[in-house]
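The structure is given below, and queries will be raised subsequently.
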Amino acid sequence: MPAFQTSPGMRDVLAPDSTRWRAFQAVFAQVAGAGGYGEIMVPLLEDLDVFKRVGEATDVVTKEMYDFYDKGDPPRHIALRPEQTASVCRAFVQNRPQTPWKTFYAGPNFRYERPQRGRYRQFDQVGIEVLGADDPYLDAEVIAIGWRFFEALGLRQVTLLLNSLGEPADRAAYVTALQTYFAANVDELSDESKLTLTKNPLRVLDSKRREDSAVVAGAPTIGDFYSADAAAHFTAVQEGLRALDIPFTLEPKLVRGLDYYRRTTFEYQGGTLNSAQNALGGGGRYDGLVEALGGPETAGVGFALGLDRTLLACDDEGVFDAPADAADVFVVDTTGGMQALIITQQLQREGLRAERAYENRSIKSQMKAADRSGAAIAVIIGSDELEAGTATCKVMADGTQSVVARDDLSAAIRKQLS
RNA sequence: GUGGAAUUAGCUCAGUUGGUUAGAGCGCCAGAUUGUGAUUCUGGAGGUCGCGGGUUCGAGUCCCGUAUUCCACCCCA
């Protein structure tokens with residue numbers, strides 16, 4: 001047992017997993033970039049109040065925040081970001097970029113929760129946000145970008161759940177109706193849901209407890225409360241998705257955890273149903289958030305995807321393996337190691353991935369290391385080669401060898417690799 | 001935050017009703033005539049059995065506490 005280990009819910013990511021993470025982010029940057037989205041890098045830390053605007057009734061803000069006071073005078077109340085949407089909106093108000101402002105991000109967030117597989121206290125997300133456009137076809141575009149990203153990874157079993165929470169007034173009327181309904185059936189609810197009912201009635205719809213399922217199933221649905229505008233917007237979003245051949249399932253009980261959502265909400269679910277963590281990502285419209293952060297009235301829509309969970313889904317479907325990181329050349333040197341040092345440096349300068357063995361091991365041992373490195377070619381320098389000013393080039397796959405002059409080594413290797 | 005399970009070599013795991021120097025597979029290191037790798041054979045290194053108490057003549061095996069991981073709830077990515 002090591003004397004020190006990572007704090008709960010935190011972990012080290014080593015190669016080849018780290019290589020896979022980078023590749024994951026690169027694919028996302030490529031897909032988002034193709035749509036004209038530029039990357040934003042927001043701070044890991046913000047004033048606590050930025051995140052509080054996300055909603056006083058969300059656990060992410062009230063229970064799960066990593067917060068502390070800094071050394072300012074007076075001290076500022078700071079928090080590690082639990083998500084990035086609020087930071088992006090704050091950045092919009094502060095920098096006032098031209099609208100519509102389309103941006104994407106990738107990086108870690110922090111939530112103090114009980115860790116589980118696919119749920120860590122430091123977890124990476126990628127996401128996009130668009131500020132300053134109300135167009136329902138933009139909602140369809142945003143959803144499509146997420147969808148195409150999953151496709152680019154090779155995922156085929158992702159399900160898209162779609163809902164609209166209506167305008168704030170619609171939502172308020174619906175909440176009132178829900179309260180009335182649940183109050184009439186309160187005896188059939190679990191104790192936990194009774195508590196949830198007093199804080200945020202919408203969330204009762206999310207309960208996974210079996211005793212709640214009957215009552216939840218009979219609850220009124222949001223669809224009956226849409227204003228004409230909200231209904232038209234939602235219809236247009238669906239039309240956009242159909243036009244793009246993106247399949248979706250209407251889920252009137254999809255409310256999602258962040259309180260800032262208005263109108264469109266959606267969630268991507270992985271194909272493996274046997275996990276409580278099958279939500280790969282989600283998003284929606286948050287037209288009031290910029291205003292809540294002191295900016296002008298601004299429409300907003302976006303999504304965030306969990307890197308871990310999406311990678312877990314990739315594992316389940318057997319797609320998007322870690323990229324191969326094999327060496328091109330492995331230099332075996334039985335004359336002490338100096339030659340291997342020189343040759344690997346030279347080859348690396350020329351852009352090849354060149355490795356070598358250390359500690360002057362036997363040729364057999366060095367050949368084993370060459371094999372492990374995955375190198376296509378082994379360059380062997382022994383006393384004979386050193387004296388003659390040559391190098392032996394071995395093609396690992398078929399074992400064929402050739403002796404070349406040291407001056408021609410680089411060219412010979414390139415020829416073999418091509 | 002609530003409830004449950006797990007924790008033994010680098011990795012994946014065995015360890016019978018508590019009983020002497022804790023095992024396997026893989027991996028690692030070294031050999032199997034002359035300078036050559038994925039097979040085969042031989043040998044070797046590596047563990048205060050998560051940590052701390054307790055019961056006992058004796059605990060990896062039982063009890064308590066604690067830490068971490070995993071599962072469910074909660075929450076969400």
Side-chain angles (χ1 to χ4, degrees), chain A residues 1-11 14 54 57-64 81-85 106-127 146 190-193 195-196 199-200 203-204 206-212 254-259 267-270 274-283 303-313 330 332-335 357 359 361-386 392-401:
Chain A
M1 177 52 83
F4 293 103
Q5 52 183 348
T6 50
S7 194
M10 312 270 175
R11 61 239 213 272
L14 317 209
V54 165
T58 68
D59 284 2
V60 167
V61 170
T62 55
K63 288 163 44 181
E64 301 171 0
R81 65 188 187 204
E83 54 126 38
Q84 292 182 242
T85 302
N109 303 310
F110 302 84
R111 294 182 195 172
Y112 192 88
E113 298 180 274
R114 186 96 160 234
Q116 246 176 64
R117 170 195 293 271
R119 189 174 89 174
Y120 304 97
R121 288 181 177 177
Q122 177 179 335
F123 63 101
D124 262 55
Q125 285 185 328
V126 296
S190 63
D191 290 342
E192 292 94 331
S193 286
L195 195 64
T196 307
K199 294 188 298 186
N200 192 345
R203 299 225 53 80
V204 177
D206 254 356
S207 168
K208 286 181 197 166
R209 288 172 294 270
R210 198 173 309 163
E211 58 263 45
D212 291 328
L254 178 70
V255 292
R256 301 196 48 76
L258 286 333
D259 283 345
E267 184 168 305
Y268 304 100
Q269 287 193 351
N274 56 348
S275 169
Q277 267 76 41
N278 69 340
L280 304 183
F303 68 72
L305 269 34
L307 186 149
D308 289 296
R309 291 184 186 183
T310 305
L311 248 22
L312 246 26
F330 194 99
V332 171
D333 175 5
T334 60
T335 68
E359 300 179 330
R361 292 185 191 277
S362 69
I363 185 166
K364 188 184 182 75
S365 169
Q366 292 193 46
M367 285 304 295
K368 281 181 82 165
D371 188 42
R372 262 198 300 268
S373 77
I377 293 170
V379 169
I380 302 166
I381 306 289
S383 48
D384 295 351
E385 286 87 348
L386 186 55
T392 297
C393 248
K394 174 166 184 166
V395 179
M396 295 299 277
D398 59 17
T400 57
Q401 296 191 177

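Keep in mind that this is a model prediction, so the values were computed, not measured. Labels below follow one simple rule: chain letters A, B, ... track the order of the sequence lines, proteins then strands, and each chain is numbered from 1.
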To the closest 0.5 Å, what do you measure between CG (A:L195) and CG (A:N200)?
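Answer for the CG-CG pair, A:L195 versus A:N200, is 11.5 Å.
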
Assign A:S207 to base, sugar-phosphate, or nothing according to its heavy-atom contacts below 4.0 angstrom with the strands shown.
sugar-phosphate

In whole angstrom, what separates A:E64's CD from B:G1's P?
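Taking atom P of B:G1 as the reference, CD of A:E64 is at 12 Å.
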
How long is the straight-line distance from OG of A:S373 back to CD of A:Q366, given to the nearest 0.5 Å?
11.5 Å

Within this structure, what is the CD-OG1 distance for the pair A:Q401 and A:T392, rounded to the nearest 0.5 Å?
6.0 Å

Test item: A:D212 and A:V204 side chains (from C-beta on) under 4.5 Å apart, heavy atoms:
no

With a 4.5 Å heavy-atom cut-off, do A:E83 and A:R111 have their side chains touching?
yes

If you pin A:G9 and A:R361 to their nearest nucleotides in RNA chain B, which one's is more 5'?
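The residue mapped nearer the 5' terminus is A:R361.
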
Using only heavy-atom distances, decide whether a donor-acceptor pair under 3.5 angstrom links the side-chain of A:R117 to the base of B:C71.
no

Under the criterion side-chain contact (heavy atoms from CB on, under 4.5 Å), which of A:P108, A:S7, A:P115 is the partner of A:R121?
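When side-chain contact (heavy atoms from CB on, under 4.5 Å) is applied between A:R121 and each of A:P108, A:S7, A:P115, only A:P115 qualifies.
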
Residues touching RNA chain B, which here means a heavy atom under 4.0 Å, drawn from residues 375-382 of chain A
A:I380

So that I can tick it off, tell me whether A:R11 and A:D308 are bridged by a salt bridge, with the cut-off set at under 4.0 angstrom between side-chain N and carboxylate O.
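Answer for the salt bridge query: yes.
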
Describe the nucleic acid contact of A:D384 in one word from base, sugar-phosphate, nothing, applying a heavy-atom distance below 4.0 Å.
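If one applies the 4.0 Å heavy-atom cut-off, A:D384 turns out to touch a base.
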
For atom C1', what is the distance between B:C51 and B:U42, given to the nearest Å?
40 Å

State the CD1-CG distance between A:I380 and A:D333, to the nearest 0.5 angstrom.
11.0 Å

Does A:R209 reach a base, just sugar-phosphate, or nothing at all? Heavy atoms under 4.0 Å.
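Answer is sugar-phosphate: A:R209 comes under 4.0 Å of backbone atoms only.
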
Can you tell me whether the side chain of A:K394 and the base of B:U36 have a donor-acceptor pair closer than 3.5 Å?
yes

Polar side-chain contact A:R114-B:U2 base: donor and acceptor under 3.5 Å
yes

For the CG atom of A:D59 and the OH atom of A:Y112, what is their distance to the nearest 0.5 Å?
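Those atoms lie 15.0 Å apart.
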
Hey, does A:R372 reach any base, or is it just sugar-phosphate, or nothing, if we go heavy atoms under 4.0 Å?
sugar-phosphate

What integer distance in Å separates A:Q116:CD from B:C75:P?
13 Å

Do A:S190 and A:S193 get their side chains close enough for a donor-acceptor pair, meaning under 3.5 Å?
yes

So what does A:Q122 hit on the nucleic acid, given a heavy-atom distance under 4.0 Å: a base, only sugar-phosphate, or nothing?
nothing

Please report, rounded to the nearest Å, how far the C1' atom of B:A77 is from the CZ atom of A:R309.
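Those two atoms, CZ and C1', are 4 Å apart.
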
A correct dot-bracket answer for RNA chain B, with pairs being Watson-Crick or G-U at under 3.5 Å, [ ] for crossing pairs and | for inter-strand pairs, is (((((((..((((.....[...)))).(((((.......))))).....(((((..]....))))))))))))....

With rounding to the closest Å, how many angstrom separate the C1' atoms on B:U8 and B:C13?
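Per the computed distance, 9 Å lies between those C1' atoms.
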
Using the C1' atom on both, measure B:U55 against B:C62 and round to a whole Å.
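Here B:U55 and B:C62 have their C1' atoms 8 Å from each other.
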
What is the distance, rounded to the nearest whole Å, between atom CD of A:E267 and atom C1' of B:A77?
9 Å

Measure from CZ on A:R121 to C1' on B:C76 and round the result to the nearest Å.
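To the nearest whole Å, that distance equals 15 Å.
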
Inter-residue atom distance A:I377.CD1 - A:K394.NZ, 0.5 Å rounding
12.5 Å

If we take the C1' atom in both B:G15 and B:U61, what is their distance in whole Å?
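My reading of the C1' atoms in B:G15 and B:U61 gives 9 Å.
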
Rounded distance in Å between the C1' positions of B:G18 and B:U56:
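Each nucleotide's C1' atom is 9 Å from the other's.
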
Counting only distance, no hydrogens or angles, is the base of B:A77 paired donor-acceptor with the side chain of A:E113 under 3.5 Å?
yes

Rounded distance in Å - CD1 (A:I363) to P (B:A30):
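Computing the A:I363:CD1 to B:A30:P distance gives 13 Å.
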
Would you measure the distance from the C1' atom in B:G47 across to the matching atom in B:C73 and give it in whole Å?
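Taking atom C1' in both B:G47 and B:C73, they lie 38 Å apart.
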
Tell me the closest heavy-atom pair linking A:Y120 and A:R117, and the distance in Å.
OH-CA, 4.3 Å

Whole angstrom is fine here: how far is it from NZ in A:K63 over to C1' in B:U2?
11 Å

Test for a donor-acceptor pair under 3.5 Å between the base of B:C75 and the side chain of A:R119, counting only N and O atoms.
yes

Would you say the base of B:G50 and the side-chain of A:Q5 have a donor-acceptor pair closer than 3.5 Å?
no

Pairwise 5' ranking along RNA chain B for A:A304 and A:E192, keeping only the more 5' one:
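Upstream on the strand: A:E192.
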
Nearest-Å distance once atom P is located in both B:G60 and B:A72:
34 Å

Base, sugar-phosphate or nothing for A:G118? Non-hydrogen atoms, less than 4.0 Å.
base

What is the nucleic acid contact for A:Q401, judged by heavy atoms within less than 4.0 Å: base, sugar-phosphate only, or nothing?
base

Take the protein atom CG of A:L280 and the nucleotide atom P of B:C76, then report the distance between them rounded to whole Å.
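The distance from CG of A:L280 to P of B:C76 comes to 16 Å, rounded to the nearest Å.
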
Using a 4.0 Å heavy-atom cut-off across all strands, classify A:S365 as base, sugar-phosphate, or nothing.
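Touches sugar-phosphate only.
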
P atom, B:G4 versus B:C63: distance in rounded Å?
15 Å

